[in-house]
Amino acid sequence: MPTARTIFEEIFDNDEAFRLFCSIAASDEAQGGWENGRIAALVPGSYQALAPKIARHGADEDKHGRIFDALLRKRGLEPVAVPPDADYTMRLEAAGIGLAHSLLRGDGKLTELDIVSYLAHSRVTEQRASEQMRALRRYARNRGDIGRAVRMISDDEDNHLAYCHEELLSLAKAGHQEFIKRTLRATALAEIAVYRDVSTAVMAHLGRILGWSRAKSALLAAGIQVVYVYERLFGWRRMVSLRMPSRRNALGGLQPAHRL
Ligand SMILES: [Fe+2]
Ligand SMILES: [Fe+2]
């Protein structure tokens, strides 16, 4: 019976699978870095205090992209192109979640509601990132470089999530409560569907590389669907709650993102 742990063991042990896995992760992180960098540059005047935190958020994601890239190169591997069906960030954007890339490529300042949308989108996607990295942290614990890299990224993702909670709570207090609630709900429901589709696609690509039997692939696809049904019925609620984090101002201060 395959488990998350045995699947990750297979990925870590196979060059081609590891190459695809790290390429997808590096590309997601780099796209997140680009989005945050653009948002930081387009923050409206009334939200200037947020700009350094958004820039820091972007710098962290860029750093994560470089970390996955470095893991590949250390093993003598080159990144591969990410199959479009496995591209989480682009599929979220195509589903109309978060700020449109056409808007981010322009130079018009964002609106207040754009900033709220960005934070709601991040609240949901950082929850996913934080949970995934915590899981990966367990499975990669004994894998030397991979374990160390994942631990560092996981700490950052927890900070990003804390930052989103804190900033959204303060915007809710400033009168955006209804918009935040609506946007979080719509974002979470769209994200869990995109996550299911991307997970299914990634598993299919990995299954081909690793030579999985039809039965094993079918079992894993069914498992992904079960997670989706759970998230659609109950799990989505964990992505829309707002609670003041114990770590305040997680992206504040002057410390720059660690350079790799
Ligand atoms: Fe990240
Ligand atoms: Fe993040």
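One-based numbering, in listed order, for ligands and for the atoms of each.
In this structure, the side chains of L242 and I180 come closer than 4.5 Å at one or more pairs of heavy atoms.
Listed by first and then second residue, the salt bridge (Lys or Arg N to Asp or Glu O under 4.0 Å) pairs involving residues 82-104 are R91-D197 (not counting sequence neighbours).
In E157, the N, O or S atom that comes nearest to the Fe ion (ligand 1) is OE2. Taking the N/O/S atoms of E29 in turn, the shortest distance to the Fe ion (ligand 1) belongs to OE1. Looking at H64, its N, O or S atom nearest to the Fe ion (ligand 1) turns out to be ND1.
Between the side chains of S117 and D114, no donor-acceptor pair of N or O atoms lies under 3.5 Å.
In this structure, R196 is positioned above the aromatic face of Y228, its NZ or CZ under 6.0 Å from the six-membered ring centre and within 45° of the axis.
The Fe ion (ligand 1) has E61 among its coordinating residues (N/O/S atom, backbone or side chain, under 2.8 Å).
Rounded to 10°, the angle formed at the Fe ion (ligand 2) by E126 OE2 and H160 ND1 is 110°.
Between the R151 side chain and the R137 main chain, no donor and acceptor come within less than 3.5 Å of each other.
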